Amino acid sequence: MALTGNCRTYPPTKEQGSVQNSFPDVIELNVGGQVYYTRHATLVSTPNSLLGRIFSPKKDATNDLARDPKGRYFIDRDGFLFRYVLDYLRDKQVVLPDHFPEKGRLKKEAEYFQLPELVKILTPEDFKQSPDDYYHSDFDDASQGSDQRMCPPSSLVPANRKYGFITVGYRGSCTMGRESQTDAKFRRVPRILICGRIALAKEVFGETLNESRDPDRTPERYTSRFYLKFKHLERAFDMLSECGFQMVACNSSVTASFVNQYTEDKIWSSYTEYVFYRKSAFF
């Protein structure tokens with residue numbers, strides 16, 4: 001039975017508390033805005049973990065636990081990744097989607113929840129790269145070469161997936177005064193967008209591909225919502241070239257608008273797309 005406000009008014013006696021769990025059997029959680037229902041036994045299945053201690057049967061459910069406006073226990077962590085933490089607590093193993101791009105972040109979640117065995121699962125012996133290789137900030141300016149990753153051999157790619165198009169797009173802008181072009185103030189490329197078949201995009205860009213806006217999409221489907229975790233077009237072009245793609249078309253559009261009514265300075269905005277194609281091995 002779930003706890004109610006009336007239950008808190010009349011706490012159990014010491015004798016009752018010694019044999020009864022102060023938590024309900026089914027617990028409703030709000031993790032970073034994502035709602036989960038799970039058994040209390042699942043949360044305490046690893047007693048030495050953070051959740052095991054927070055939801056210990058010896059702990060008073062009314063103390064030290066934040067609640068959201070609907071009374072659910074609130075945990076301020078990544079709500080999307082918590083599903084894999086919960087899977088591990090249930091089965092003591094975790095199954096990740098193919099080309100999972102958030103492994104570095106999931107490892108951080110496992111460390112936060114103090115699940116050392118899950119950390120080991122996410123850290124195989126050949127996991128030599130820095131965590132930064134897996135979850136760059138969109139505003140990280142560090143230049144990195146593409147020689148840290150290699151396209152898989154063509155023998156590992158299904159024959160009917162060896163060819164296709166990938167479109168690379170980006171938006172740029174600059175502010176320019178009327179009198180001199182030397183006064184132009186350029187802005188950085190905010191994001192490099194990737195369109196195309198899921199399997200091809202993952203093959204080329206691997207862990208540098210951010211799928212957060214279109215997660216768990218099957219490989220044969222198409223998307224226009226992926227973007228890269230770095231901002232260097234040359235690096236994207238190198239990665240496409242290494243995987244046998246060639247540029248076949250490009251186009252760009254430019255618009256201009258005044259900064260404000262008191263100046264003649266204009267903001268020039270552009271959107272550019274580069275279309276790459278790889279032929280089938282049979283053509």
Side-chain angles (χ1 to χ4, degrees), residues 2-3 23-56 59 61-123 127 131-140 190-191 193-194 198 201-202 206-219 221 223-229:
L3 293 174
F23 290 94
D25 183 46
V26 177
I27 292 181
E28 188 175 6
L29 299 174
N30 177 346
V31 184
Q34 299 291 324
V35 176
Y36 292 91
Y37 289 87
T38 187
R39 297 286 301 272
H40 174 261
T42 299
L43 296 177
V44 298
S45 61
T46 305
N48 293 328
S49 68
L50 180 62
L51 292 172
R53 293 195 300 273
I54 290 177
F55 291 95
S56 169
K59 186 178 180 64
T62 63
N63 292 334
D64 303 328
L65 293 176
R67 302 276 191 141
D68 70 4
K70 293 187 177 181
R72 296 174 289 222
Y73 297 115
F74 179 76
I75 300 175
D76 190 15
R77 300 300 295 183
D78 191 306
F80 171 76
L81 295 177
F82 186 74
R83 70 177 70 178
Y84 301 109
V85 174
L86 207 53
D87 284 346
Y88 173 78
L89 292 175
R90 293 182 180 121
D91 305 321
K92 295 301 179 287
Q93 60 182 352
V94 63
V95 178
L96 302 178
D98 293 338
H99 307 286
F100 184 67
E102 308 288 351
K103 186 177 292 183
R105 293 182 59 193
L106 180 56
K107 181 184 173 185
K108 290 292 185 183
E109 295 300 299
E111 292 171 348
Y112 174 82
F113 288 109
Q114 300 173 21
L115 297 167
E117 294 302 319
L118 179 56
V119 173
K120 290 181 181 179
I121 293 174
L122 298 170
T123 314
F127 191 76
D132 291 339
D133 293 337
Y134 293 87
Y135 45 93
H136 285 299
S137 166
D138 292 333
F139 304 100
D140 183 6
R191 185 167 288 177
L193 305 175
I194 301 298
I198 305 294
K202 289 183 176 181
E207 300 288 353
T208 66
L209 192 70
N210 193 317
E211 306 171 56
S212 61
R213 296 191 303 168
D214 204 357
D216 302 329
R217 204 166 174 83
T218 55
R221 299 289 298 276
T223 184
S224 60
R225 296 176 59 82
F226 287 175
Y227 61 93
L228 299 179
K229 299 178 185 179

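Note that the structure is predicted; figures quoted are calculated from it, not measured.
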Side-chain donor-acceptor pair present, Q34, R83, cut-off under 3.5 Å: no

N/O donor-acceptor pair under 3.5 Å between K70 side chain and N30 backbone: no

Side-chain touch I75/Y36, heavy atoms, less than 4.5 angstrom: no

Stepwise side-chain contact (heavy atoms from CB on, under 4.5 Å) test for I27 and L29: CA-CA 6 Å; I27 292 181; L29 299 174; 3.7 Å; yes

Any donor-acceptor N/O pair, T123 side chain to K120 backbone, under 3.5 Å: no

Geometric class of the Y73/F55 ring pair [parallel <30°, tilted 30-60°, perpendicular >60°]: perpendicular

Closest non-hydrogen atom pair between V26 and R39, with its separation: CG2-CD, 4.2 Å

Partner of L51 under side-chain contact (heavy atoms from CB on, under 4.5 Å), chosen from V44, T42, L89: L89

Donor-acceptor under 3.5 Å (D91 side chain, Q93 main chain): no

I54 side chain reached by L50 side chain, heavy atoms, under 4.5 Å: yes

Residue pair I121, V94: steps toward the side-chain contact (heavy atoms from CB on, under 4.5 Å) verdict: CA-CA 8 Å; I121 293 174; V94 63; 4.0 Å; yes

Within-4.5 Å side-chain heavy-atom neighbours: I198 and F226: yes

Cation-pi geometry met for R191 and Y227 (6.0 Å, 45°): yes

Side chain to side chain, L96 and L106, heavy atoms closer than 4.5 Å: yes

K202 bridged to E211 by N-O distance under 4.0 Å: yes

Minimal non-hydrogen separation, V95 against Y84, with atom names: O-CE2, 4.1 Å

Approximate separation, where rounding is to 0.5 Å, of L65 CG and R67 CZ: 7.0 Å

Salt-bridge contact R77-E109 (side-chain N to carboxylate O under 4.0 Å): yes

Least distance between heavy atoms, Y37 atom then R90 atom: O-NH2, 4.0 Å

V31 side chain reached by L86 side chain, heavy atoms, under 4.5 Å: no

Atom pair CG (L122) and CZ (R105), whose distance is rounded to the nearest 0.5 Å: 13.5 Å

For Q114 against N48, the heavy-atom pair lying closest together: OE1-O, 4.0 Å

R225 CZ to L193 CG distance, which is reported to the nearest 0.5 Å: 10.5 Å

Heavy-atom closest contact (H40 atom, P24 atom, distance): CB-O, 3.4 Å

Residue pair E102 / S212: nearest heavy atoms and the distance that separates them: OE2-CB, 4.4 Å

Under 3.5 Å: donor-acceptor pair, side chain of S49, backbone of G52: yes

